[in-house]
There are 2 protein chains.
Amino acid sequence: MVDSQTRFEELVNRLREQGYRLTPQRMALLRLLAASDGHPSASHLYDQLHTQFPTTRLGTIYKTLNLLKDLDEVLELGFSDDDNRYDGNKPYPHPHLICVRCRKIMDPEVKLAQDLVQQVAQQSGYQIVSHRLDFYGVCPDCREGE
Amino acid sequence: MVDSQTRFEELVNRLREQGYRLTPQRMALLRLLAASDGHPSASHLYDQLHTQFPTTRLGTIYKTLNLLKDLDEVLELGFSDDDNRYDGNKPYPHPHLICVRCRKIMDPEVKLAQDLVQQVAQQSGYQIVSHRLDFYGVCPDCREGE
DNA sequence: GTGCTTGCAAACAGTTTGCAGATAG
DNA sequence: CTATCTGCAAACTGTTTGCAAGCAC
């Protein structure tokens, strides 16, 4: 992972150069995204921002997250049965490891064989634009109490 | 893919042996699930059932789908930004290929290297219970009109 | 000063739940 | 006969939208 201060500055510059405004709330959100490796949800980010900016609402957070998503600076991990999660450090497809008990999400140190993507493209005639690989399991902490 | 009649009978027997009732609506839903290779959504199934059983409601369809999901006879593909899709023919993890334009879903003829799963388990200490691999792309039909 | 951003509240959509009447076994 | 299933409607939840006031530039 890139240094969190560096990533923060990257995000700030990216918004600035695109002509977006850097409000204090946005700066704080960018700082959180750059600092977190835990794939926070919008409401987790809200909990953290709320202490500093008591009037901040979830809606505002979603707006900024969607903005960053459109700029490809944040990866959104959507779940149909749970809050979506956001990764502001590695905004490109990569495998995730999800604990089915505590919902902790980490990045395993593996990657999808690139020729598998090629193979799918050739077989199907699809133009592949992205992919997603999630492993579901029980994390060591959650296995302990069994 | 297994023959659709065979799969239908499998599903019927599975419900029967578990003591669940085989109502006409359920039978029709099982038939649809066994026959479809297009990963239908609940509302797609509803559209089809509705002609035969005009009083059938989406809620009922969800109840039966969840029942089959609990019996591991249907695979649910959840999407945070779209209807969930259901696969009654291959109710185990396998890769999917999703058109980002028309939302058609097919099964590419590839499979995830099994040792990748092992590798993740060993590295992380997680007990892996499942996984999901989705490729996103533009299907040949949707590329045509470009 | 201009118009993007925020706070706020209401809307949205897919899915789930609760209940009374219908029905499979 | 009776417990399960269906139809129905309301509830639920995470996310999005619309608008007026605020503030970055």
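Comparing A:R26 and B:G59 along DNA chain C, the residue whose closest nucleotide (by nearest heavy atom) sits nearer the 5' end is A:R26. Between B:Y86 and A:T60, the residue anchored nearer the 5' end of DNA chain C, judged by the nucleotide with its closest heavy atom, is A:T60.
Residue B:D82 is out of contact with every strand shown, counting any heavy-atom pair closer than 4.0 Å. If you check every strand for non-hydrogen atoms under 4.0 Å, A:D81 touches nothing.
Look at B:N66 and you'll find a side-chain N or O under 4.0 angstrom from OP1 or OP2 of C:dT16.
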- Using a 4.0 Å cut-off on protein heavy atoms (strictly under), produce a 5'-to-3' string for nucleotides 19-25 of chain D with B for base contact, S for backbone-only sugar-phosphate contact, and - for none. -----BS
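Residues forming a side-chain hydrogen bond (donor to acceptor under 3.5 Å, both in side chains) with A:Q5 (at least two apart in sequence, or on another chain): A:E9. The side-chain hydrogen bond (donor to acceptor under 3.5 Å, both in side chains) test applied to A:T6 returns A:D3, not counting sequence neighbours. Partners of B:H94 under the ring pair (Phe, Tyr, Trp, His ring centres under 6.0 Å) rule, at least two apart in sequence or in another chain, are B:Y92, B:H96. Legend: residues meeting salt bridge (charged side-chain N to carboxylate O under 4.0 Å, His left out) with B:E10, ordered by chain and number and at least two apart, are B:R7. When the side chain to side chain contact (heavy atoms under 4.5 Å, CB included) test is applied to B:R57, the partners found at least two apart in sequence or on another chain are B:Y46, B:T60. A:R21 pairs by the side chain to side chain contact (heavy atoms under 4.5 Å, CB included) definition with nothing, not counting sequence neighbours. Here A:K111 pairs with nothing under the side chain to side chain contact (heavy atoms under 4.5 Å, CB included) rule; sequence neighbours left out. B:R14 pairs by the side chain to side chain contact (heavy atoms under 4.5 Å, CB included) definition with B:E17, B:Q18, B:L71, B:E73, not counting sequence neighbours.
In this structure, B:L97 shares a hydrophobic cluster with A:L97, A:M106, A:V110, A:L112, A:L116, A:V117, A:V120, A:Y126, A:I128, A:L133, A:F135, B:M106, B:V110, B:L112, B:L116, B:V117, B:V120, B:Y126, B:I128, B:L133, B:F135, the cluster being traced through Ile, Leu, Val, Met, Phe, Trp and Tyr side chains under 4.5 angstrom apart.
Rounded to an integer number of Å, the gap from CG of B:N84 to P of D:dG14 is 15 Å. If you take CE of B:M27 and C1' of D:dC5, they are 15 Å apart, rounded to a whole angstrom. For the pair B:L65 CG and C:dG14 C1', the interatomic distance rounds to 13 Å; values are reported in whole Å. Here the C1' atom of nucleotide C:dG25 and the CD atom of B:Q18 are 17 Å apart, to the nearest Å.
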Dump the pairs, protein N or O against N or O of nucleotides 11-13 of chain C, anything under 3.5 Å, distances to one decimal.
none

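The number of heavy atoms from other shown groups lying within 6.0 Å of CD (B:Q123) is above 12.
Of the residues in residues 40-58 of chain B, those lying under 4.0 Å from DNA chain D by heavy-atom distance are B:T55, B:T56, B:R57.
Judged by the 6.0 Å and 45° rule, A:R101 forms no cation-pi pair with A:Y136.
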